[in-house]
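In listed order, ligands and their atoms are each counted from 1. All values reported here derive from a predicted model rather than from experimental measurement. Excluded from the calculations below are hydrogen atoms, water molecules and symmetry mates; all remaining heavy atoms, backbone and side chain alike, are included. Residues: numbered from 1 along the sequence shown.
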Amino acid sequence: MLCKIIPKKCIACGLCQIKAPNIFDYHDNGIVKLSDSDETEFQIGTDVPEDLLNAYKACPTRAIVIEK
Ligand code: SF4
């Protein structure tokens, strides 16, 4: 499975880093980035990690996408 972030949809609310601090970080302007890379997507296994799932559910603008 694949997780994507869509920075242009992000409203810098900060929820995703609260839910998944090891995955999400922010640019200086508060817009989401991945904590360990400047890419906008990363592969995940067949089981979505709970912290990622919680961040996905919390994002109010669907700036975090999980795809098969
Ligand atoms: S939860 Fe969504 S809108 Fe809020 S900072 Fe994270 S990606 Fe941006």
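Those atoms of ligand 1 with a heavy atom of T61 less than 4.0 angstrom away are 3 (S). Close approach of ligand 1 to I11 is summarised as follows: ligand atoms under 4.0 Å from at least one heavy atom of the residue are 3 (S), 8 (Fe). Every atom of ligand 1 is numbered from 1 in the order shown, and the set under 4.0 Å from a heavy atom of Y26 is 5 (S).
The closest donor-acceptor contact from the side chain of Y56 to the backbone of I66 lies at 3.5 Å or more, if one exists at all.
No salt bridge links D51 with K19; every basic N to acidic carboxylate O contact stays at or beyond 4.0 Å.
Rounding to the nearest 0.5 angstrom, the gap separating the CG atom in L34 from the SG atom in C3 is 7.0 Å. Note that NZ of K68 and OG1 of T46 are 10.5 Å apart. Values are rounded to the nearest 0.5 Å.
Excluding waters, the protein N/O/S atoms found under 2.8 Å from atom 6 (Fe) of ligand 1 are C16 SG.
The side chain to side chain contact (heavy atoms under 4.5 Å, CB included) with I23 is formed by just one residue from the set V32, I64, I44, L52; it is L52.
Counted within 6.0 Å of CG on N29, heavy atoms from surrounding residues, nucleotides or ligands total more than 12; the atom is thus considered enclosed.
Connection of V48 to F42 is established within a shared hydrophobic cluster, with ILVMFWY side chains joined at heavy-atom distances below 4.5 Å, either directly or through further cluster members.
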